[in-house]
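Only a predicted model underlies this, so the values are computations on that prediction, with no experimental measurement involved. We use all heavy atoms of the structure for the numbers below, so side chains are in, but hydrogens, waters and symmetry mates are not.
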Amino acid sequence: QVQLVESGGGLVQAGGSLRLSCAASGRTFGGYAMGWFRQAPGKEREFVAAISWSGTDTRYADSVKGRFTISRDNAKNTVYLQMNSLKPEDTAVYYCAAASKFGGYMNGDNPDYWGQGTQVTVSS
């Protein structure tokens with residue numbers, strides 16, 4: 001089992017920045033590819049970003065490419081999502097996820113573990 005706890009969400013004006021954190025506990029964090037997803041009201045949950053267990057490979061949704069950066073610190077069992085140039089359409093609940101295969105994020109596979117989510121609201 002892996003437990004994931006997100007933090008760092010909040011209310012920010014358009015153009016601002018936020019950094020989300022996801023602290024993992026349980027099984028070996030470094031063995032998992034980590035990802036971020038989001039779900040806006042009335043919409044399906046969507047992929048945002050993913051990072052391989054080593055941190056050398058990353059992938060982003062086209063909608064956030066160039067504005068968001070995913071990173072991880074395996075010594076701290078934590079993954080981050082730095083969000084810059086935020087837009088009102090980025091408003092959503094953001095979820096952290098852990099998957100045994102990095103490629104699974106691009107294939108649309110369901111991650112093995114999910115966090116409880118953190119709300120991000122971007123005002124115009």
Sub-4.5 Å side-chain heavy-atom contact between [X] and [Y]:
{"X": "Ser63", "Y": "Arg38", "result": "yes"}
{"X": "Trp36", "Y": "Phe68", "result": "no"}
{"X": "Asn107", "Y": "Lys101", "result": "no"}
{"X": "Arg67", "Y": "Tyr60", "result": "no"}

Is it the case that the side chain of [X] and the backbone of [Y] share a donor-acceptor pair, with hydrogens and angles ignored and the cut-off at 3.5 Å?
{"X": "Asp57", "Y": "Ser52", "result": "no"}
{"X": "Thr56", "Y": "Ser54", "result": "no"}
{"X": "Asn74", "Y": "Trp53", "result": "yes"}

[X] and [Y]: which non-hydrogen atoms are nearest, and at how many Å?
{"X": "Asn84", "Y": "Ser17", "result": "OD1-OG, 2.9 Å"}
{"X": "Gly35", "Y": "Ile70", "result": "CA-CD1, 4.4 Å"}
{"X": "Tyr32", "Y": "Arg72", "result": "O-NH1, 2.8 Å"}
{"X": "Ala40", "Y": "Ala92", "result": "N-CB, 3.8 Å"}
{"X": "Thr78", "Y": "Ser21", "result": "CG2-CB, 4.3 Å"}
{"X": "Ala99", "Y": "Pro111", "result": "CB-CA, 4.2 Å"}

Does Arg19 make a cation-pi contact with Tyr80, if we ask for NZ or CZ under 6.0 Å from the ring centre and within 45° of the axis?
yes
Honestly curious: do [X] and [Y] fall in one hydrophobic cluster under the side-chain, below-4.5 Å linking rule?
{"X": "Leu86", "Y": "Leu20", "answer": "yes"}
{"X": "Val2", "Y": "Phe102", "answer": "no"}
{"X": "Leu81", "Y": "Val5", "answer": "no"}
{"X": "Trp114", "Y": "Tyr94", "answer": "no"}
{"X": "Tyr105", "Y": "Leu4", "answer": "no"}

Are Gln116 and Glu6 close enough, and set up right, to give a side chain to side chain contact (heavy atoms under 4.5 Å, CB included), and what steps lead you there?
CA-CA 7 Å; Gln116 83 290 348; Glu6 303 96 334; 2.8 Å; yes
Would you give the length of the straight line joining atom [atom1] of [X] to atom [atom2] of [Y], rounded to the nearest 0.5 angstrom?
{"X": "Leu18", "Y": "Thr118", "atom1": "CG", "atom2": "OG1", "answer": "9.0 Å"}
{"X": "Asn77", "Y": "Gln3", "atom1": "CG", "atom2": "CD", "answer": "11.5 Å"}
{"X": "Gln1", "Y": "Ser25", "atom1": "CD", "atom2": "OG", "answer": "10.0 Å"}

Could you tell me whether Asp62 and Lys65 make a salt bridge, using a distance below 4.0 angstrom between a side-chain N and a carboxylate O?
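Salt bridge between Asp62 and Lys65, a charged N being under 4.0 Å from a carboxylate O: yes.
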Verdict with reasoning, Met83 to Val120, per side chain to side chain contact (heavy atoms under 4.5 Å, CB included)
CA-CA 10 Å; Met83 306 185 294; Val120 171; 3.9 Å; yes
Take Gln119 and Thr91, measure what side chain to side chain contact (heavy atoms under 4.5 Å, CB included) needs, and give me the verdict at the end.
CA-CA 8 Å; Gln119 177 70 47; Thr91 295; 4.1 Å; yes
Pair Val48, Tyr95 - check side chain to side chain contact (heavy atoms under 4.5 Å, CB included), show working.
CA-CA 9 Å; Val48 174; Tyr95 297 90; over 6 Å; no
